[in-house]
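This one's a predicted model, so the numbers in the text were calculated from it and none came from an experiment. Side-chain atoms are counted along with the backbone in the values below, which use heavy atoms only and exclude waters and symmetry mates. Below, chain A is the first sequence line, B the second, and so on; all start at residue 1.
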Amino acid sequence: MLFNRFFRGLSHTSAWLVLTILFAIIIVLFHYSKSAIGDFGFFHFITNSKWIVGNDGNGGNFGGLIPILGTFLSSLIAMVFAIPIAMGIAIFLTEIAPEFLKAPVGIAVELLAAIPSIIYGMWGLFYFGPLLQSWFGGQSNSLLTAGVVLGIMVIPFMAALSRDAMNTTPSVLVESAYSMGATRYEVIKDIVFPFAKKGIIGSVILSLGRALGETMAVAFLIGGVFRFPDSLTSATISIPVLIANNFGEAGNLQLSAMFYMALILFIISFFTITIAKFYFLRKTD
Amino acid sequence: MNRLLLNKIVITLSTLAALMGISFLLWILVTLSIRGYHSIDWHIFTTDLVNNGLRNVIIGQFILAGIATVIGVPVGMMAGIYLREYGINSKFAMIVRNLSDVMMSAPSIVIGIFVYGIFVVPFGGFNGWAGVIALAILMIPIVVSTTDSMLSLVPQELREAGIALGASKAQVIYKIVLSAAKIGLITGVLLAFARVIGETAPLLFTSANNNFFSFGLSNQYPSLTVSIYHLALFPSQTSQNLAWAGSAILTLLVLFINLITRFIFKPRKQK
Amino acid sequence: MKLAIQTKDFSFTYPKTKEATLKGINIPIYANKVTALIGPSGCGKSTLLRSCNRIHDVYPGNSYDGEILLYDNNGEKAENILQYKKENDLINLRQRIGMIFQKPTPFPMSIKDNITYGLKLSGIKNKTELLDRTEIALKGAALWEEVKDRLNNSAMGLSGGQQQRLCIARAVALKPQVLLFDEPTSALDPISTASIEALISELKNELTVLIVTHNMQQASRISDYTGFMYLGDLVEYDVTETIFLNPKEKKTEDYITGRFG
Ligand SMILES: Nc1ncnc2c1ncn2[C@@H]1O[C@H](COP(=O)(O)OP(=O)(O)OP(=O)(O)O)[C@@H](O)[C@H]1O
Ligand SMILES: [Mg+2]
């Protein structure tokens, strides 16, 4: 009986530990952000576009506007690029591909979703960025490059989730639309999409959450300079990249400002993911 | 006829989109293979980063991810067991389940600097343990979620049969439920391992990197992914080639683990 | 008597199966009559039914052999529907031959949109015509009184029996020549079943019905002709009365009297 109680206790503690970690993350981030929030203000920080390190290396004037903007813009570009392609793949996999292609292409997509993001960054840095630059001018490492590579990175993830959602459409429903004389496109538009709507939107938002918090694919590619992007092809910075690039050498106040940035990022992604998971992807079992 | 034309257009477009998506991804894989092929040689596996090899960082990455697994899997699995076997649909279990689900998608750089706050600052510098903890934290929610869902696939009758034989609840879970769900759980662990072994961001400011071979986790610790990051940005052909070699090795490894899980665990097709 | 459909040495093979699932079926389907297909599970009833509107073609790799002739309204000129290659021909075929499934399949849209869906596909755009035909179809399916006040509500909110009648109304709205029913009442309660059966008997004034059923009473109640299938063959086909009272084949008799199946 001792084992019984011990086992239960251990598993209960572990469950508590999960909660504890989550709260610890919030508390620790908040703790380290305090001096930045104190100096620059809770909201004022967000609307301030300066990031100037003080002469002594410790003080300075820090605001999060540019990285916040960079995060959203690069993710937006990623979504604009990824959504049509991912939907195309999902439609292809559920309604178009011949039977012998469904499994291998499906598996390939899932495997590609597992490739570490730093690999996408490498490819963007050495191949895709320069290519985009040769097409559109501007800088090789830019908002556009970061956004598009981010998009390519989330395509397999989004496509796999959307395909799963579309696959839940009962086949009798699809057949009965065909038996009314609908074309493939009409079946997709009128039956499969409405049926899988929530799942598809959920997969898009979840992918957005990924894009917002992604560090390594963007770190190589967005340029990492503290500047409003005046065009798609100019360099800027995002929250994760700001942290990745400057965290190591930062003085106290700057460090605190970066913790505050991380807290903001955490909150943004927390809400994005919560909406996706608990509104759109709620499991019904 | 209009409808038919529209149908053709949409089908063509989605096929093209699929082709385009796949070709991007193929492009990446082909690049990786070519660059990897030209830059991988035995020298890489026998020398350390100081001498333009990857031996210490590859081993370092395995040790970091390995110890993280040893810490993260028991915690995650026990928590998953609580959710499915004890808490089930209680309020506490639902809260933990949902929050753990959200944590699973939290940006990994945030986890990295959280660990920086509690394991680097107080100990006065980057250290291997901090990297281990960061990876373990990333891993826990993944393991919680797979354990939870794998255990939910075990038929209720099996538990009842165990109880009817006079086994205690812990014995039923330990001897019957876990072994019934064994394959699924192993798959989950492998996938979680594959996921964290490719992580860079949470290591940047925790274990950082080390040019030398090291088993001392209380110092800066060698890491393959962090090395790739630094090497790629270093303006020298040798470093960049080394970065490509590392990338190819990492990708091969991750894809290999993912492929293995497909062979040992074939999920039942719904419909 | 006019013919609606006639199969000639019709064989069907699913992809990746060696043996044909249907082997040389010859069956006439008379116009404005109800023909029932009976037989033990797996004998190929659904497969035959689903060949008549080529719904099999939604999935690749099936092979047809022989002929399925579809006659015009006068029962004179016939076309072999297995020769249709173009998507357009299949679409037209499916608008001429409707299909009702075992489980009700309301589309995830309003009651009205469910009915008008097929009509819009067939090119009708006029609002009043759409409304008129919705009303006629719903009345024809004895559903009008129950839903006329909530035409814009989701069809998912209807009961199982109502949903099945909605699906019939949806198919009838297209004024098809033939309706195919695959065990349309096996998921319904006795009262809903009775109303569907009454509906089917009424429908034959306007169209031809081919129905698969596991329920012997149902087959004898509503059908004029019955075919008994076994292992991919049509063992016996005759007037319903004859099949149930004086079957020629031993197999048929055994099945009808419940000795196997
Ligand atoms: N998609 C398919 N691929 C391969 N074989 C199939 C497929 N669908 C059905 N079959 C096989 O074809 C045979 C006939 O099936 P069918 O569904 O026509 O039988 P049925 O008479 O309608 O049976 P039931 O009364 O159970 O509905 C069965 O042996 C079945 O296993
Ligand atoms: Mg059947």
Side-chain angles (χ1 to χ4, degrees), chain A residues 1 3-4 7-8 10-12 14-15 17-19 21-22 25 28-29 32 84-85 88-89 91-92 96 107-108 111-112 114-116 118-120 122-123 125 127 152 155-156 159 171 183-185 206 209-210 213 215-216 220 240 243-244 247-248 259 262 265-266 269-270 273-274 277-278, chain B residues 3-4 6-7 10-11 13-15 17-18 20-22 24-25 28 31-32 75 78-79 81-83 86-87 96 98-103 105-110 113-114 117-118 137 140-141 144 168-170 174 194 198 200-201 204-205 225 228-229 232 243 247 250-251 254-255 258 271:
Chain A
M1 279 308 92
F3 175 64
N4 207 10
F7 194 81
R8 190 196 160 105
L10 201 64
S11 91
H12 199 174
S14 305
L17 190 61
V18 175
L19 276 195
I21 293 173
L22 182 67
I25 293 175
V28 169
L29 292 182
Y32 282 93
I85 297 183
I89 295 179
I91 292 173
F92 181 77
I96 298 175
I107 290 175
L111 285 181
L112 290 163
I115 293 181
I118 192 167
I119 307 296
Y120 289 89
M122 287 283 289
W123 173 75
L125 177 64
Y127 292 90
I152 294 173
I155 285 172
S171 54
T183 61
R184 213 157 268 257
Y185 161 64
L206 216 52
R210 277 217 159 172
T215 311
M216 300 322 292
F220 284 137
I243 298 170
F247 201 79
F259 267 103
L265 181 64
F266 188 67
S269 77
F270 193 95
I273 296 156
T274 306
K277 291 214 162 158
F278 304 118
Chain B
R3 290 169 63 203
L4 290 176
L6 192 60
N7 182 46
V10 171
I11 288 187
L13 281 182
S14 10
T15 310
M20 186 168 165
I22 305 271
F24 269 124
L25 300 158
I28 296 176
T31 308
L32 211 52
V75 173
M78 287 310 277
I81 287 172
Y82 183 84
L83 297 186
Y86 294 107
V96 174
N98 290 340
L99 288 180
S100 160
D101 231 23
V102 173
M103 250 170 85
S105 321
S108 55
I109 186 119
V110 172
I113 79 160
F114 158 67
I118 54 168
I137 290 176
I140 289 171
V144 169
S168 72
K169 181 139 190 173
Y174 186 72
T200 317
L204 286 175
F205 310 111
T225 48
I228 294 174
Y229 180 52
S247 302
L250 183 67
T251 309
V254 170
L255 292 186
N258 272 277
K271 248 190 191 179

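Across all non-hydrogen atoms, the minimal contact from Pro116(A) to Val254(B) is CG-CG2, 3.9 Å. Taking every heavy atom of both residues into account, Ser11(A) and Met78(B) meet most closely at CB-O, 3.2 Å. Summarising the geometry of Lys277(A) relative to Asp101(B), their closest heavy-atom pair is NZ-O, 3.1 Å, with the distance given to 0.1 Å. Closest heavy-atom contact between Ala15(A) and Tyr82(B): CB-CD2, 3.9 Å. The two residues Ser269(A) and Ala106(B) make their nearest non-hydrogen contact at OG-CA, 4.5 Å. The minimum heavy-atom distance linking Ala262(A) with Ile113(B) is given by the pair CB-CD1, 3.4 Å.
Heavy atoms closer than 4.5 Å to chain B are found in both the backbone and the side chain of Leu10(A). At a 4.5 Å heavy-atom cutoff, the contact between Val75(B) and chain A is made by backbone and side-chain atoms alike. Looking at Met122(A), both its backbone and its side chain come within 4.5 Å of chain B, counting heavy atoms on both sides. Both the backbone and the side chain of Pro240(A) come within contact range of chain B, each with at least one heavy atom under 4.5 Å from a heavy atom of that chain. With a 4.5 Å cut-off on non-hydrogen atoms, Ile140(B) touches chain A through its side chain but not through its backbone. Proximity to chain B is limited to the side chain of Ile96(A), based on heavy atoms less than 4.5 angstrom apart. In this structure, chain A has a heavy atom under 4.5 Å from the side chain of Phe205(B), while its backbone stays farther away. Contact of Thr183(A) with chain B is made through backbone and side chain together, with heavy-atom distances under 4.5 Å. The part of Leu29(A) that comes within reach of chain B is its side chain, from C-beta onward, which places non-hydrogen atoms under 4.5 angstrom from that chain. Neither the backbone nor the side chain of Ala194(B) comes within contact range of chain A; no heavy atom of the residue lies under 4.5 Å from a heavy atom of that chain. Interface remark: Leu19(A) contributes side-chain atoms only to the contact with chain B (heavy atom separation under 4.5 Å).
Ranked by heavy-atom pairs under 4.5 Å with chain B, the list Ala114(A), Ala159(A), Pro156(A) is led by Ala114(A). For the set Leu83(B), Leu204(B), Thr31(B), Thr225(B), the count of heavy-atom pairs under 4.5 angstrom toward chain A peaks at Thr31(B). The most heavy-atom pairs under 4.5 Å with chain A, out of Ile81(B), Ile137(B), Thr200(B), Leu13(B), come from Thr200(B). When each of Ser168(B), Gly21(B), Ser108(B) is scored by its heavy-atom pairs under 4.5 Å with chain A, the top score falls to Ser168(B). Comparing Leu17(A), Thr274(A), Ile91(A), Ile152(A) by heavy-atom pairs within less than 4.5 Å of chain B, the highest count is held by Ile152(A). Residue with the most contacts toward chain A among Ile228(B), Val102(B), Leu255(B): Val102(B) (heavy-atom pairs, distance under 4.5 Å). Interface remark: of the candidates Val18(A), Ile21(A), Thr215(A), Ile25(A), Ile25(A) forms the most heavy-atom pairs closer than 4.5 Å to chain B. When the candidates Tyr185(A), Trp123(A), Phe259(A), Tyr127(A) are compared by the number of heavy-atom contacts under 4.5 Å with chain B, Trp123(A) comes out ahead. The choice from Ile243(A), Asn4(A), Leu265(A) that makes the most heavy-atom pairs within less than 4.5 Å of chain B is Asn4(A). Per-residue heavy-atom pair counts under 4.5 Å with chain B were compared for Leu22(A), Leu125(A), Ile155(A), and the maximum is reached by Leu22(A).
Interatomic distance, CG of Leu111(A) versus OG1 of Thr251(B), reported as 12.0 Å (0.5 Å rounding). Interatomic distance, Leu25(B) CG to Leu112(A) CG, rounded to the nearest 0.5 Å: 4.5 Å. Note that the CD1 atom of Ile115(A) and the CG atom of Leu250(B) stand 10.0 Å from one another [nearest 0.5 Å]. Rounding to the nearest 0.5 angstrom, the gap separating the CD1 atom in Ile22(B) from the CZ atom in Phe92(A) is 8.0 Å. The NE2 atom of His12(A) lies 11.0 Å from the OH atom of Tyr86(B); values are rounded to the nearest 0.5 Å. For the atom pair CG of Asn258(B) and CD1 of Ile107(A), the computed distance is 11.0 Å after rounding to the nearest 0.5 Å.
Applying the side-chain contact (heavy atoms from CB on, under 4.5 Å) criterion to Phe3(A), with sequence neighbours excluded, gives Phe7(A), Ala170(B), Tyr174(B).
At distances below 3.5 Å, at least one donor-acceptor pair connects side-chain atoms of Tyr32(A) with backbone N or O atoms of Gly117(B).
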